Amino acid sequence: MVEPILRLENIKTYYILRKGLFGKLIVKAVDGVSLEFRPGEIIAIVGESGCGKTTLGRTSLKLVEPVAGKIIFEGQDITHYKGDLKWFRKKAQIVFQDPFQALNPYHSIYDILSEPLIIFGEKDKSVIEDKIVKALKEVKMTPPEEFLTKYPHMLSGGQRQRIVIARALLLDPIYLVADEPVSMIDASSRAEILTLFRSIQKKREMSIMYITHDIATTKYFSDWIAVMYAGKIIEYGPTREVLKNPLHPYTKALIAAVPDPDPENRFKMRPVVPGEPPNPINPPPGCRFHPRCPRRFDPCDKEEPPLKEVEKNHYVACFLFK
Amino acid sequence: MSSGNILEVKDLYLYYKTFKGIVQAVDGISFKIPKGTAMGLVGESGCGKSSTANAIMRLLPGNTYRYEGSIKLDGMELMDLTDDEFRSRIRWSEIAMIFQGAMNSLNPVLKVGFQVAEPLIVHLGMPKEEALERARDMFEKVGLAPAFLDRYPHELSGGMRQRVVIAMAMVMNPKLLILDEPTSALDVSIQAQIMNLLKQLKKEYNLSMIFITHDIALASDISDYLAVMYAGQIVEYGPIEEVLLNPQHPYSQKLLASIPRLRVDKEPEFLPGAPPGLINPPKGCRFANRCPSRMDICDKEDPEIIWLNKDHFVKCHLYKGG
Ligand SMILES: Nc1ncnc2c1ncn2[C@@H]1O[C@H](COP(=O)(O)OP(=O)(O)O)[C@@H](O)[C@H]1O
Ligand SMILES: Nc1ncnc2c1ncn2[C@@H]1O[C@H](COP(=O)(O)OP(=O)(O)O)[C@@H](O)[C@H]1O
Ligand code: SF4
Ligand SMILES: [Mg+2]
Ligand SMILES: [Mg+2]
């Protein structure tokens, strides 16, 4: 088996909210997640807002510190590493959701793209220019010269997001967190960006944590899916397998909730689970999904179901699967 | 004379004046909505969907430059009404609208029950007690327990606030409900709950709807007809079966092919390029620069609307003389 680039072991990331003078509340945003990112693979993290996706991504980049668990990057335990992280900051990058906020409106595309190179010590102007032109070509912004002097507001949403991607790629990362990278872009441009992203990722053998609430895109843009619910992974497996054959009642409901364009849809009610995801400050005991689960039975409200391999490479945390 | 259509819109224009020039946001659009049916209005952001809704609601910004055309509600020409007549007889009582982002703009200091009752008090002069009683009934219809009447918006989840907004729009018992991206801020499982609620209300009240979204798949969850908008114009309109399964306009075809599908194994294609700006748009077909079937005439003449059958039109030179 290929060595993973990044291994997350039983990560727990909590936020502490002060309440009044002495009280405090603990938000268990990520509560025991393990994942392995191998070169050239994309793991999609899906789940509804608040389930902990962004926190998991930020934890993996050491932007927030976990309260428990380990982050092993290229074989090295960096969980509590306090030294110079420059080498890590270069190899592990992030692409944010909002290309409008991610780009400084007062900087030209050239400035935006040269910044990370300069920060990481590149002084040679011709090297910087070469790299920028190459990066723009890689994200299909051609001819590159045409874009260098432009400002973010002169570009379409899709083009802006490509600049964000180009910037992340400039430092040749081997691991990248893409946090809802196309959710602010029109549905019709999403496929284009994701397909481009996928081909670059394959060529470079990068591994990506693709965070999304848009399940349909995972089919074309990931190798593995991890479904999160209230801070935990409740199902994990090869993307196509999980989409075709979801096992956990929550995954089933999540997939059933997504419409494909189909004129028959309007004649049917969509099967839905009642209620909303729990508050991570005080998640329900036992299986965190049990209050909404149509299949809950005896142990569900008392014990927590472990994540178990029930078919080859297909894991699920649910008592229905022994 | 009233036909079977609740709404007939013909050659509707809404232009805005800006310091850069005139924005042709709604440029001569036509469509009709049979009673008790829903029309999905789909297209990329900025194509004029919200402007179309505002034009029908006669909610015109101060910089409106051109507002004309015919809007018939149940056979009655609305353009003949004065602003006072429109306000007292049509807006909210006959045609109601749920604005984009409305669930996040509820009044934070008023109880939601009162906010639902308010239109009855303001527009109909109904006594407060009676109006609150009606609000209570409406709460039940949208799936909110009476206890929520006394809550403030921040005490409710996104899905509940959207139910409140729906109750507000429905409380005057309108014939036509315009929904502008009503679920775009919600998670998929909550979106599915809201879509089920809308389907149920549509049936129960024989309610007619304009459902605005950039997501065709979502539109297909409720729409009987589909209008595809591009750069200020409706380029195809027809029964949802025809438009989804057999789209005729090259833009509709491309838009549909670009959607990632969960249940069909087909890689999404993409639609390169971007729509033209709405200030000084090209004089020919506005889609010409992205169209795979572009002909000489496409750059020269704005295509006319061509009816393929009594319910389906396409605005494209390919169908001329066909
Ligand atoms: N900086 C923070 N301080 C306190 N709570 C936070 C913070 N960031 C996120 N949370 C909470 O942690 C939970 C998980 O959030 P997040 O990781 O952003 O989820 P997702 O990306 O899946 O929407 C949510 O309940 C959220 O409110
Ligand atoms: N009050 C206004 N003044 C000038 N331009 C406007 C105004 N409102 C909207 N627009 C422009 O009109 C076009 C159509 O906008 P809109 O109707 O909001 O589209 P959509 O709802 O499809 O995203 C866009 O180019 C938008 O920037
Ligand atoms: S463990 Fe029980 S409650 Fe949880 S998903 Fe499975 S059946 Fe439902
Ligand atoms: Mg997030
Ligand atoms: Mg809009």
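No experiment lies behind these values; they were computed from the predicted model shown. Throughout, protein chains are lettered first and strands after them, A, B, ... in sequence-line order, and every chain is numbered starting at 1. Scope of the values below: all heavy atoms of this structure, side chains included, with no hydrogens, waters or symmetry mates.
Heavy-atom distances place no part of B/Leu226 under 4.5 Å from chain A, backbone and side chain included. Contacts of A/Lys268 with chain B are made by backbone atoms alone, with heavy-atom separations under 4.5 Å and no side-chain atom involved. Contact annotation for A/Ile255: both backbone and side-chain heavy atoms come within less than 4.5 Å of a heavy atom of chain B. Of the two parts of B/Glu269, only the backbone, made up of N, CA, C and O, holds a non-hydrogen atom closer than 4.5 Å to a non-hydrogen atom of chain A. Heavy atoms closer than 4.5 Å to chain A are found nowhere in B/Leu186, neither backbone nor side chain. For A/Thr195, the part sitting under 4.5 Å from any heavy atom of chain B is the side chain, from C-beta outward, and nothing else. Looking at A/Ile215, the atoms closer than 4.5 Å to chain B (heavy atoms on both sides) sit in the backbone and in the side chain alike.
Residue with the most contacts toward chain A among B/Lys203, B/Glu267, B/Arg263, B/Met160: B/Arg263 (heavy-atom pairs, distance under 4.5 Å). Here B/Asp224 is the residue among B/Leu218, B/Asp224, B/Ile216 with the most heavy-atom pairs under 4.5 Å with chain A. The candidate from B/Leu271, B/Leu255, B/Ile190 with the greatest count of non-hydrogen atom pairs under 4.5 Å with chain A is B/Ile190. Contact count against chain A (heavy-atom pairs under 4.5 Å) is highest for B/Ser189 among B/Ser189, B/Ser223, B/Ala219. Note on A/Ser156, A/Gly158, A/Ala191: by heavy-atom pairs under 4.5 Å with chain B, the leading option is A/Ala191.
Remark: side-chain polar atoms of A/Thr239 are paired, donor with acceptor, to backbone N or O of A/Ser222 under 3.5 angstrom. A donor-acceptor contact shorter than 3.5 Å links the side chain of B/Thr52 to the backbone of B/Gly48. Side chain of A/Asn279 to backbone of A/Ile281: a donor-acceptor contact under 3.5 angstrom is found.
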### Task
Apply the test side chain to side chain donor-acceptor pair (under 3.5 Å) to residues B/Glu242 and B/Asn246: give CA-CA distance (whole Å), side-chain angles for both, the deciding distance (0.1 Å), then the verdict.
CA-CA 5 Å; B/Glu242 294 178 25; B/Asn246 197 10; over 6 Å; no
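A ring-centre distance under 6.0 Å is found for A/Phe221 and A/Tyr210.
Using bins of under 30°, 30° to 60° and over 60° for the plane-to-plane angle, the ring pair A/Trp224/A/Tyr236 lands in the parallel bin.
Checking B/Lys315, B/His249, B/Gln248, B/His312 one by one against B/Glu236, the side chain to side chain donor-acceptor pair (under 3.5 Å) holds for a single residue, B/His312.
The pair A/Arg288-A/Asp31 meets the salt-bridge criterion, with a side-chain N (NZ, NE, NH1 or NH2) lying under 4.0 Å from an Asp/Glu carboxylate O.
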